[in-house]
Amino acid sequence: MAADEEPASSAAFSQSLERGLTILSSFSESRPVLGIADLSRAVSLNKSTTHRYVATLARLGYLQQDPETKKYALGPRVVDLGFAAINALEINRAAAPYLQALADETGYTVSMAVLDGTDIIYVERRRSGRAAGFAMGLNLHVGSRLPAYCTSMGKVLLAYQEPGVLRGLLDRTDFARRGPKTLTNREQLTAALSRIRQSGVAVNDEELASGLRSVAAPVRDRTGQVVAAINIAVHLTVWSTTADTVVARLERPLRNTAAEISHRLGYR
């Protein structure tokens, strides 16, 4: 078997991925720049095979090469991953007690999500004891992904993107109808995002699923950047009223909670 081939029994284990991660782990504060010879020793492969892994990592932005020395250092994608992990942990620790308090105060499910491309990812979800038996019609949990364009938290996160970034995201969005009131027209969504930037709150009125409404607000970090969104979700089987009434009742505690979490993250 060649040195860079994986054994047939490794269905649940990727040797190639292990080698790639070993290469990235070879860099340290004391050894920030390494050459192919250094890396080949680290992964116990010949230089030719090592170069293939390194070239792939460089192409993906996880490594960058000095054009003069031909040696490598960690690239911006690694930095992004590191900050994303730190921020996610910081956000969750900061937000959890406030989200639970909001759920207990209102009696409804409260969630927090971050943007990942054209989707949102749920990173926290809290239920009130009073609402434990309420069916929401969607099997959502931490780690769930939903399209951003038809969710209240997604619309908040899209609304605060830079114009060029937003255009790129909307170019990649499939405006499929998910609920009876989904905004399937790009111009309508763009107008809605503009209103969200002005008001600081987003409403989802059966755009994701029939009978489901939610209200969302942005969470900012110490730089003022919107890094997450939180929402309160209500089902018509629980509270059969107008969307305006839902907003009137829930907007103030939602905004207060978003402000408290942002303050914990250093936003002033």
Hydrophobic cluster membership, with links at side-chain heavy-atom distances under 4.5 Å among I/L/V/M/F/W/Y: are [X] and [Y] in one?
{"X": "I23", "Y": "L60", "value": "yes"}
{"X": "V33", "Y": "L24", "value": "no"}
{"X": "M112", "Y": "V142", "value": "no"}

Less than 3.5 Å apart, which donor and acceptor atoms pair up between the side chains of residues 261-268 and the rest of the protein, not counting sequence neighbours?
unit_1 : atom_1 : unit_2 : atom_2 : d
S262   : OG     : R220   : N      : 2.9
S262   : OG     : A258   : O      : 2.8
H263   : ND1    : R268   : NH1    : 3.3
R268   : NH1    : H263   : O      : 2.9

Problem set entry | Pairing residues for E251 by the salt bridge (charged side-chain N to carboxylate O under 4.0 Å, His left out) criterion, not counting sequence neighbours |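 E251 satisfies salt bridge (charged side-chain N to carboxylate O under 4.0 Å, His left out) with R255 only.
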Partner set under side-chain hydrogen bond (donor to acceptor under 3.5 Å, both in side chains) for [X], not counting sequence neighbours:
{"X": "S240", "result": "none"}
{"X": "Q65", "result": "Y72"}
{"X": "T69", "result": "none"}
{"X": "R41", "result": "D38"}

List the atom of [X], the atom of [Y], and the distance in Å for their closest heavy-atom pair.
{"X": "L169", "Y": "G117", "answer": "CD2-O, 3.4 Å"}
{"X": "S26", "Y": "L34", "answer": "O-CD1, 3.6 Å"}
{"X": "H235", "Y": "S210", "answer": "NE2-O, 3.6 Å"}

Does some side-chain heavy atom of [Y] sit less than 4.5 Å from a side-chain heavy atom of [X]?
{"X": "Y108", "Y": "R127", "answer": "no"}
{"X": "V246", "Y": "V215", "answer": "yes"}
{"X": "V54", "Y": "L57", "answer": "no"}
{"X": "L74", "Y": "L63", "answer": "yes"}
{"X": "E18", "Y": "S14", "answer": "no"}
{"X": "N185", "Y": "F175", "answer": "no"}

Main-chain N/O of [Y] paired to [X] side chain as donor or acceptor, under 3.5 Å:
{"X": "T182", "Y": "T184", "answer": "no"}
{"X": "E206", "Y": "G211", "answer": "yes"}
{"X": "T49", "Y": "L45", "answer": "no"}
{"X": "S40", "Y": "A37", "answer": "yes"}

Exercise. S48 and N46: side chain to side chain donor-acceptor pair (under 3.5 Å), yes or no, with the steps?
Worked result: CA-CA 6 Å; S48 176; N46 61 52; 4.5 Å; no
Can you tell me how far [atom2] of [Y] sits from [atom1] of [X], rounded to the nearest 0.5 angstrom?
{"X": "L208", "Y": "L140", "atom1": "CG", "atom2": "CG", "answer": "7.5 Å"}
{"X": "R178", "Y": "L183", "atom1": "CZ", "atom2": "CG", "answer": "13.5 Å"}
{"X": "L158", "Y": "L193", "atom1": "CG", "atom2": "CG", "answer": "6.0 Å"}
{"X": "T22", "Y": "Y53", "atom1": "OG1", "atom2": "OH", "answer": "10.0 Å"}
{"X": "R167", "Y": "E162", "atom1": "CZ", "atom2": "CD", "answer": "10.5 Å"}
{"X": "R19", "Y": "L39", "atom1": "CZ", "atom2": "CG", "answer": "14.0 Å"}

For this session: Would you mind telling me which of V234, V110, T245 makes a side-chain contact (heavy atoms from CB on, under 4.5 Å) with L250?
Result: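 With L250 as partner, side-chain contact (heavy atoms from CB on, under 4.5 Å) holds for just one option, V234.
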For this session: Please check if any side-chain donor atom of S111 sits under 3.5 Å from a side-chain acceptor atom of R125, or the reverse.
Result: yes
Exercise. Among side-chain atoms of Q100 and D104, is any donor-acceptor pair under 3.5 angstrom?
Worked result: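 Judged by distance alone, the side chains do pair up.
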Exercise. Just wondering, are more than 12 heavy atoms of other shown residues or ligands nearer than 6.0 Å to CZ in R177?
Worked result: yes
For this session: Evaluate side-chain contact (heavy atoms from CB on, under 4.5 Å) for I230 paired with L99, printing each intermediate quantity in order.
Result: CA-CA 8 Å; I230 62 172; L99 296 178; 3.7 Å; yes
Write out all pairs satisfying salt bridge (charged side-chain N to carboxylate O under 4.0 Å, His left out) with one or both partners inside [range], taking only residues at least two apart or from two chains.
{"range": "residues 53-77", "answer": "none"}
{"range": "residues 235-248", "answer": "none"}
{"range": "residues 110-121", "answer": "D116-R145, D119-R145"}

For this session: Would you list the pairs meeting ring pair (Phe, Tyr, Trp, His ring centres under 6.0 Å) in which at least one residue belongs to residues 190-217, sequence neighbours left out?
Result: none
Exercise. Can you pull the ring pair (Phe, Tyr, Trp, His ring centres under 6.0 Å) pairs that have at least one residue in residues 177-228, sequence neighbours excluded?
Worked result: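 As it turns out, there is no ring pair (Phe, Tyr, Trp, His ring centres under 6.0 Å) pair with a partner in residues 177-228 once direct neighbours are skipped.
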Got a list of side-chain donor-acceptor pairs under 3.5 Å for residues 147-157, not counting sequence neighbours?
unit_1 : atom_1 : unit_2 : atom_2 : d
Y149   : OH     : D174   : O      : 3.4
Y149   : OH     : A176   : N      : 3.1
Y149   : OH     : A176   : O      : 2.4
T151   : OG1    : P147   : O      : 3.4
T151   : OG1    : A148   : O      : 3.2
T151   : OG1    : G154   : N      : 3.0
S152   : OG     : S214   : OG     : 2.7
S152   : OG     : N231   : ND2    : 3.3
K155   : NZ     : V203   : O      : 2.8
K155   : NZ     : E207   : OE1    : 3.1
K155   : NZ     : E207   : OE2    : 3.0

For this session: Show your working on side-chain contact (heavy atoms from CB on, under 4.5 Å) between T190 and L170 and close with a plain yes or no.
Result: CA-CA 9 Å; T190 301; L170 296 184; 3.8 Å; yes
For this session: Under the side-chain contact (heavy atoms from CB on, under 4.5 Å) rule, what do V43 and T50 come out as? Steps first, then yes or no, please.
Result: CA-CA 8 Å; V43 293; T50 301; 3.8 Å; yes
For this session: For side-chain contact (heavy atoms from CB on, under 4.5 Å), just list the numbers for V227 and L115, CA-CA rounded to whole Å, side-chain angles, deciding distance to a tenth of an Å, and then say yes or no.
Result: CA-CA 8 Å; V227 293; L115 191 66; over 6 Å; no
